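Residue numbers begin at 1 in each chain, while the letters A, B, ... track the order of the sequences. Note that the structure is a prediction, hence the values are computed from the model and not measured.
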2 protein chains.
Amino acid sequence: MDDRAKRIRRNSPGGKADTAKVDLTAVVVAVSNNEPCVLTIGQTDTLPSGPLALEHRSLQSGLRTWVEEQTGHPLGYIEQLYTFADRDRAGAELERRVISISYLALTRKEHATAPSKSSWQSWYDYFPWEDHRAGAPPMVSDLLRPRLIEWAESADDDATRLERRRRAAIAFGFGDRPWNEDLTLKRYELLYEAALVEEAMRGSTLPPPVRGKSMVSDHRRILATGISRLRSKIKYRPVVFELMPPAFTLLQLQRTVEALAGRLIHKPNFRRLIEQHQLVEETGETSTETGGRPAKLYRFRHAVLEEGEVAGAKLPLSRA
Amino acid sequence: MDDRAKRIRRNSPGGKADTAKVDLTAVVVAVSNNEPCVLTIGQTDTLPSGPLALEHRSLQSGLRTWVEEQTGHPLGYIEQLYTFADRDRAGAELERRVISISYLALTRKEHATAPSKSSWQSWYDYFPWEDHRAGAPPMVSDLLRPRLIEWAESADDDATRLERRRRAAIAFGFGDRPWNEDLTLKRYELLYEAALVEEAMRGSTLPPPVRGKSMVSDHRRILATGISRLRSKIKYRPVVFELMPPAFTLLQLQRTVEALAGRLIHKPNFRRLIEQHQLVEETGETSTETGGRPAKLYRFRHAVLEEGEVAGAKLPLSRA
DNA sequence: CCGGTTATACTCTACCTGAATATAAGGCGT
DNA sequence: ACGCCTTATATTCAGGTAGAGTATAACCGG
């Protein structure tokens, strides 16, 4: 234990170096009208967040407190995303370092208990290149591809040029590569590195080359982290149901998954999968709101959560 | 931005509540002689760790600095594990909160550059119930099962009793349930909750009911987190190769994976998988050290890392 | 009652996975 | 040299899963 004391002494010449401000930030997700949304506060595009304080029992309870206070939304399911601590995050003039611990939360818009200054924004306002439900958006090949190639070519040596081209091709599915919806974070980081998004150009007077709303500080990166995590998680854990009403049709469920994944799913295979894993049970009711033949209503079988977390539903994502 | 100011004011009556000490902790893993090992420092069972300081450029670089200084091991592959901030972690008497950010690092023992006070310990010294390579260890059914059932029965109401039994059965594969090696963290947390491990009995004079070395502070929980993460990750990402020498036989590779997973793998299927995904290429050499027919030596095809991270090798874990 | 629309059921094929078996190529003792 | 032990490598087979397409059912509105 005496090296520990030594270490601490070594790094605390003034007794101040070791302290940091800790910020909790939430990516709160809901889906309505087949549109995946994130909760923001104020006029600016800002995620709910606040400093960790001594009265908070834990990180999670601190986060819940902040989000409920700022948005009137009590949170259900939450999971930790990532901890950032870039020193230049809040500008170099700050003496103290800022640690930012981010969480992903899944909820439903109806769960709000109080009106507030918060509002819901579609994911795809911030990431217009991420919605492939109607095929790849034109901007991917018309705008992003040429700009990324330009960026790759601007590298000093051949090796870097090659590597940049390959990274871009993998992330965005250029050439004959498939689109991988899970790579949202990689794509954003690539656009940032290539200085194609507004956040990478702060202080510049030029307009950002790529459309898509930006967010305060590094909140768009945190949102991208949340989207990436959620898109991969829905494939092996039944978390979608956190976003569903108590009773729903199988098509509603499918549309919700499609909204999150940003791509279409083969209907018969999706139903087969859900039934195979016995994720839902019929309520007995039907819904005629869909226009055609009435659809059976289902509810989530909460028992699956207890049955051995192995199951995990892989999604039959269509290649079409 | 003026709610932000308000929030900060609200929680900083003395200007002190918002600061925290940030600790970086590393789970450094290597495999040798078919035994998965973790790097510890000093006499006590302590993971390499140290406070984040202002001179560190980032969390990762701070961690690398600490580990290298304490153990003489430069780190290669690292990934963030989890951020803990339990208030009772360092005892309630502390004014300031401690945030603990943990990382998983993969390396090889040979990479040490300097001798030091650090040493390698087998995972299974800390978690003897996690090694199922020779079948389920007797202690699981002889010791853990009765103790966990006892704990479940001691609950006040029927619902809790049922839920505890089910959680234990899932985590440890009681009854006819399969053993799921990924649940290392859940198992440790369950034993902690049931007060069967030493860490849950600090301050008590009774001997801990379950064998297995304990660690300083919450380091055993952090190690469990690392094992869980690594065990699931080897199934879909080619990270094992970080632990392998430059050239190896397919059986050596298999034994390494088995050491990590704590269970055996079906040999022909394992080879088929590796070849299918073209994870390796022949070096042209062979090794006769294995006793029987000389085995071809292989090296990792680094190109797969660039080829589109989708691939992901699922492991054919044997049920036998 | 007919076409539009959605729901639900069924089929077919390619591929993946678990599992078992067969053959090859070294070392070593007699 | 021969046979045996050990490990390496190749092949096969059955069951299951995933992708994709097609068929039938039930409601609505004109």
The criterion is side chain to side chain donor-acceptor pair (under 3.5 Å); which residues satisfy it with A:Arg272, sequence neighbours excluded?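 Expected list: A:Asn269.
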
Can you sort out the partners of B:Gln121 under side chain to side chain donor-acceptor pair (under 3.5 Å), two or more places apart, ordered by chain and number?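 Once residues adjacent in sequence are excluded, the partners of B:Gln121 under the side chain to side chain donor-acceptor pair (under 3.5 Å) criterion are B:Ser119, B:Lys213.
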
Atom pairs and distances, donor-acceptor, side-chain atoms in residues 136-148 of chain B, under 3.5 Å, two or more places apart:
residue  : atom : partner  : partner atom : Å
B:Ser141 : OG   : B:Pro138 : O            : 3.4

In terms of the angle between their ring planes, are B:Phe127 and B:Tyr188 parallel, tilted or perpendicular, with boundaries placed at 30° and 60°?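 Correct class here is perpendicular.
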
With [X] via salt bridge (Lys or Arg N to Asp or Glu O under 4.0 Å) - residues at least two apart:
X: B:Glu242; value: none
X: A:Glu285; value: none
X: B:Glu189; value: none
X: B:Lys296; value: B:Glu282

Whether B:Arg231 engages the ring of B:Trp179 as a cation-pi pair (distance to the six-membered ring centre under 6.0 angstrom, angle to the ring normal within 45°) should be assessed.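 Relative to the ring axis of B:Trp179, which defines the angle, B:Arg231 lies outside at least one limit.
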
Nearest whole Å is fine: how far is [N] [atom2] from [X] [atom1]?
X: A:Leu264; N: D:dG19; atom1: CG; atom2: C1'; answer: 15 Å
X: B:Gln276; N: C:dA14; atom1: CD; atom2: P; answer: 17 Å
X: A:Glu282; N: C:dT8; atom1: CD; atom2: P; answer: 8 Å
X: A:His266; N: D:dG21; atom1: NE2; atom2: C1'; answer: 7 Å
X: A:Ile274; N: D:dA18; atom1: CD1; atom2: C1'; answer: 14 Å
X: B:Gln254; N: D:dT7; atom1: CD; atom2: P; answer: 13 Å

Please name all residues satisfying side-chain contact (heavy atoms from CB on, under 4.5 Å) with A:Lys267, sequence neighbours left out, ordered by chain then number.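 side-chain contact (heavy atoms from CB on, under 4.5 Å) list for A:Lys267, sorted by chain: A:Leu251, A:Gln254, A:Arg271.
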
Both A:Leu297 and B:Thr288 contact DNA chain C. Which one's nearest nucleotide lies toward the 5' end?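 Result of the comparison: A:Leu297.
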
Check nucleotides 28-30 of chain C against the protein and report each pair of N or O atoms closer than 3.5 Å, with its distance, or say if there are none.
none

A:Phe174: ring-ring contact (aromatic ring centres under 6.0 Å, His included) partners, not counting sequence neighbours: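 For A:Phe174 the ring-ring contact (aromatic ring centres under 6.0 Å, His included) partners, ignoring immediate neighbours, are A:Phe172.
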
Might you list the N or O atoms of the protein lying below 3.5 Å from N or O atoms in nucleotides 8-14 of chain D, with each pair's distance?
residue : atom : partner  : partner atom : Å
D:dA8   : OP2  : B:Lys267 : NZ           : 3.1
D:dA8   : N3   : B:Arg293 : NH1          : 3.4
D:dT9   : OP1  : B:Lys296 : N            : 3.0
D:dT9   : OP2  : B:Arg271 : NH2          : 2.3

What bend angle does the helix from C:dC1-D:dG30 to C:dT30-D:dA1 show across its length, from five-pair end axes and to the nearest 10 degrees?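 Computed from the C1' atoms at both ends, the axes differ by 10°.
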
